[in-house]
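Down below is the structure, laid out as structure tokens.
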Amino acid sequence: MLYEAVWPVSPRPPITALDGRTDLLGTLPDWSRRGDGAVIADCEGVLVGAAWYRLFTVDDHAYGFVDAETPELGIAVRPDWRGRGIGRSLLSALVASASVEGHPRLSLCTERGNARALHVYESLGFRIVGSVPDTDDQGIIMATVRHRSRPNR
């Protein structure tokens with residue numbers, strides 16, 4: 001699913017392109033540490049999509065990093081299963097799960113030209129909060145709006 005998340009559209013390099021990408025593979029070790037969460041979509045035992053989040057630090061993070069209190073998410077749906085609402089369902093479930101786990105905000109990285117994904121992200125409350133360095137302003141960072149609790153009246 002990491003491959004699908006990193007290269008969602010064709011043309012794509014072979015999956016072996018992940019082998020030397022420590023910047024990407026380094027985001028996965030020690031899964032299930034504090035701040036990790038995931039949801040999976042399967043159809044009759046076939047993995048068709050996944051969404052996950054993880055807390056990072058200022059010194060060790062991925063491309064959609066906002067701050068050490070905001071988990072960064074990844075999401076992927078297999079190409080032959082896209083356009084069926086699976087990504088939206090995964091993302092909605094992940095946002096709800098994060099909230100229950102005490103994370104009122106999530107962030108992500110995507111490309112400005114990924115119109116379908118941008119539409120889904122924006123419809124679920126994500127807003128552009130920055131750009132990814134060295135991507136000619138094409139890589140953007142999005143985050144949900146931080147909700148502050150209101151005192152009871």
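No experiment lies behind these values; they were computed from the predicted model shown.
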E72 and L55, any side-chain heavy atoms less than 4.5 Å apart: no
Minimum side-chain heavy-atom gap V48-D42 below 4.5 Å: no
Whether S131 side chain and I140 backbone form a donor-acceptor pair below 3.5 Å: no
Within one Ile-Leu-Val-Met-Phe-Trp-Tyr cluster: V46 and V39, side-chain cutoff 4.5 Å: yes
Atom pair CZ/CZ of R33 and R54 - distance to nearest 0.5 Å: 3.5 Å
Aromatic W81 / basic R84 pairing, under 6.0 angstrom, 45° off normal: yes
From CG (L118) to OG1 (T110), nearest 0.5 Å: 5.5 Å
Within-4.5 Å side-chain heavy-atom neighbours: V129 and S107: no
Close side-chain approach of I75 to L94, heavy-atom, < 4.5 Å: no
Working for side chain to side chain contact (heavy atoms under 4.5 Å, CB included), residues F65 and V58: CA-CA 8 Å; F65 182 77; V58 172; 4.1 Å; yes
Donor-acceptor side-chain pairing of T70 and D67 below 3.5 angstrom: yes
Side chains of Y53 and S97 in contact at under 4.5 Å (non-hydrogen atoms): yes
Exercise: identify the closest heavy-atom pair between G83 and R116: CA-NH2, 3.3 Å
Any L90 side-chain heavy atom under 4.5 Å of I40 side chain: no
Verdict with supporting geometry, R78 and L47, side chain to side chain contact (heavy atoms under 4.5 Å, CB included): CA-CA 8 Å; R78 287 183 28 185; L47 177 64; 5.8 Å; no
Student check: side-chain heavy atoms of R127 and M142 closer than 4.5 Å: no
Among T144, V95, L106, side-chain contact (heavy atoms from CB on, under 4.5 Å) partner for L73: L106
L108 side chain reached by Y121 side chain, heavy atoms, under 4.5 Å: yes
Donor + acceptor pair across side chains of R88, S123 (<3.5 Å): yes
Any donor-acceptor N/O pair, N114 side chain to E111 backbone, under 3.5 Å: no
